[in-house]
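Reviewing the structure listed below.
None of these values were measured; they are calculated from a predicted model. The chain is numbered in sequence order, starting from 1.
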Amino acid sequence: AALNLREIWQFRDLLTTLASRDVKLRYRQTSLGVIWVLLQPLMAAGIFSFVFGRVAGLKSPGVPYFVFTYAGMLGWGAFSGTLSKTSSCLVGNAQLVSKVFFPRLVLPISTVFSTLIDFGIALLMMFALMIINGVHPSFALLTLPFWMLLMLMLAMGIGLLASAMMVSYRDVSYILPVLTSFLMYGSPVAYSVTSVMTKLPVKYHFFYMLNPLASLLEGLRWSLLGSHAAPPNWGWTLYAAVAAVTVFIWGAFGFKKMERKFADVI
C-alpha cells in the first residue's frame, strides 16, 4: 500500500516532532519572525498589481487589483510552499533517513503543517484587506477547504515524486525552481482566467485549462471574494479535482516504490 495510515499513526510522535521542528527552524534567528509570512505575499501582490494592473492594464471585477492579486498569492503560496518543502524533505534529512527506521512518508507529511500555519496567518491579512476595502464574503467561503485540499494534494503528489528522484538525481533541485517559476506565470495568480480567455485565441483555451491550477486558483479566489470574482467553470473544476487526486496517488506510489533504496543512495 502506498499510504499505510496505521504505520504513520504508530509514528505520530515523530510526525508531531518533525512538524514543530520545521515551524521553529523557519523563524529561528530572524528579526521579523512570523512577519515574513505576511511580507512575502504582500510584496508579491504589490509587484504583480503594478505590473499587471497598471502597466498591462488588466482589470479586476469590483475590487482593488492588489486585493485580487493577494487572493491569488494565498493559493499559490500554499501550493509552492508545499511543493518546495516536500521535494527537499529527504535530502534535507539525509542523516535521519540513513540511520533511523521510520516510514519515510512521515517526512513529507510533516512539512504540510508549517504550510497550513503560514496560510492561516496570511488568510487573516486577507480578511483585513477585505474589511478595509468593503469586500464582503459570501457563502462561497465555505468551499475554501475544498480548494485548499486539492491544491495541497496536487503539490504533495508532485513533491513526493520530486523528493524520491532527488535522492538519486540532485539535478531535480535545480530544475524544479525554474519549472515552478514558469508555472506561476502560466497560472492565474496575478490575473484572472477571464483575462486569459479574452487575450488568447480560442484554439489555445483548451491547452491553458489543462493546467489544474488554473481552475483551482480561480476557485479559491472566488471562495474568498464571492461575487467580486468570476465563478469557476465546474466542468474544468471536476477535471482539476481528478487530476489532483491522480497526481497525489501517482506520487505516493512512486515514492513508496523507491523508498527501499533511500537509505543506501542518499
Side-chain angles (χ1 to χ4, degrees), residues 2-3 5 8 19 37 41 45 60-63 67-86 108-130 135-160 180 183-184 186-194 196-197 208-252:
L3 294 174
L5 299 181
I8 294 174
V37 179
S60 57
V63 292
V67 179
F68 181 84
T69 306
Y70 186 85
M73 284 302 304
L74 277 181
W76 175 256
F79 173 83
S80 62
T82 302
L83 176 57
S84 175
K85 296 171 187 175
T86 304
I109 293 177
S110 68
T111 63
V112 177
F113 293 95
S114 61
T115 299
L116 292 177
I117 292 175
D118 292 351
F119 179 81
I121 296 173
L123 184 62
L124 293 177
M125 176 57 71
M126 180 68 201
F127 289 145
L129 291 174
M130 291 170 62
V135 180
H136 303 289
S138 65
F139 286 107
L141 186 62
L142 298 176
T143 65
L144 181 61
F146 169 75
W147 306 109
M148 273 296 297
L149 176 62
L150 291 179
M151 277 195 289
L152 291 177
M153 291 181 70
L154 182 62
M156 280 203 67
I158 301 173
L160 287 172
T180 304
L183 184 60
M184 180 180 67
S187 303
V189 178
Y191 52 84
S192 64
V193 171
T194 305
V196 175
M197 299 308 168
Y208 181 82
M209 295 304 296
L210 285 178
N211 175 11
L213 282 176
S215 298
L216 298 181
L217 287 171
E218 196 77 350
L220 185 138
R221 184 184 282 119
W222 167 75
S223 71
L224 292 171
L225 301 180
S227 59
H228 297 284
N233 182 308
W234 295 108
W236 281 110
T237 299
L238 177 61
Y239 157 77
V242 173
V245 174
T246 303
V247 169
F248 177 73
I249 295 174
W250 182 31

Stepwise, does the side-chain contact (heavy atoms from CB on, under 4.5 Å) test hold for T111 with M156? CA-CA 10 Å; T111 63; M156 280 203 67; 5.9 Å; no
CG on L74 to CG on D118, rounded to 0.5 Å: 11.0 Å
In chain order, what residues pass the side chain to side chain contact (heavy atoms under 4.5 Å, CB included) check against V135, with sequence neighbours excluded? V63, M130, N133, L225, H228
Applying side chain to side chain contact (heavy atoms under 4.5 Å, CB included), can you list everything that pairs with V196, at least two apart in sequence or on another chain? Y191, L200, Y208
NZ/K85 to OG/S110 distance, rounded to the nearest 0.5 angstrom? 10.0 Å
Check T115 against G81 and note the closest heavy-atom contact, atom names and distance. OG1-C, 4.1 Å
For L152 against A78, the heavy-atom pair lying closest together: CD2-O, 4.2 Å
Applying side chain to side chain donor-acceptor pair (under 3.5 Å) as the test, list every pair that has at least one member in residues 141-153; sequence neighbours left out. T143-W147
d(L83 CG, L160 CG) to nearest 0.5 Å is 10.0 Å
Determine the sole option in L213, T194, V193 for which the side-chain contact (heavy atoms from CB on, under 4.5 Å) test with P188 is passed. V193
Derivation and outcome, side-chain contact (heavy atoms from CB on, under 4.5 Å), residues L220 and L216: CA-CA 6 Å; L220 185 138; L216 298 181; over 6 Å; no
I'd like to check the side chain to side chain donor-acceptor pair (under 3.5 Å) partners of T237; sequence neighbours left out, ordered by chain and number. none
Residues which pass side chain to side chain contact (heavy atoms under 4.5 Å, CB included) with I121, listed by chain and number, not counting sequence neighbours: V34, V37, L38, I117
Contacts of S192 that satisfy side chain to side chain donor-acceptor pair (under 3.5 Å) - sequence neighbours left out: S195
Heavy-atom pair with the smallest gap, counting every atom of S223 and L144: OG-CD1, 3.5 Å
For T69, which residues count as a side chain to side chain donor-acceptor pair (under 3.5 Å) partner, sequence neighbours excluded? none
How would you list, by chain and number, every residue that makes a ring-ring contact (aromatic ring centres under 6.0 Å, His included) with Y70, sequence neighbours excluded? none
For residues 208-221, pull every pair meeting salt bridge (Lys or Arg N to Asp or Glu O under 4.0 Å), keeping only residues two or more places apart or in separate chains. E218-R221
Of all residues at least two apart in sequence or in a different chain, which pass the side chain to side chain contact (heavy atoms under 4.5 Å, CB included) check with M184? F48, W76, V189
Please report the closest heavy-atom contact between A240 and S215, naming both atoms and the distance. CB-CB, 3.9 Å
Who pairs with W222 by side chain to side chain donor-acceptor pair (under 3.5 Å), at least two apart in sequence or on another chain? none
Under the ring-ring contact (aromatic ring centres under 6.0 Å, His included) rule, collect the residues that match up with W236, sequence neighbours excluded. F206, Y239
For P212 and L154, the nearest pair of non-hydrogen atoms, with its separation, is CB-CD2, 4.1 Å
Using every non-hydrogen atom in the two residues, find where A45 and M73 come nearest and quote the distance to one decimal. N-CG, 4.3 Å
Can you tell me how far apart CE (M126) and CG (L124) are? Round to the nearest 0.5 Å. 12.0 Å
Scan V245, I158, T246 and name whichever one has a side-chain contact (heavy atoms from CB on, under 4.5 Å) with M153. V245
Could you tell me the separation between the CZ atom of F79 and the OG atom of S187, rounded to the nearest 0.5 Å? 7.5 Å
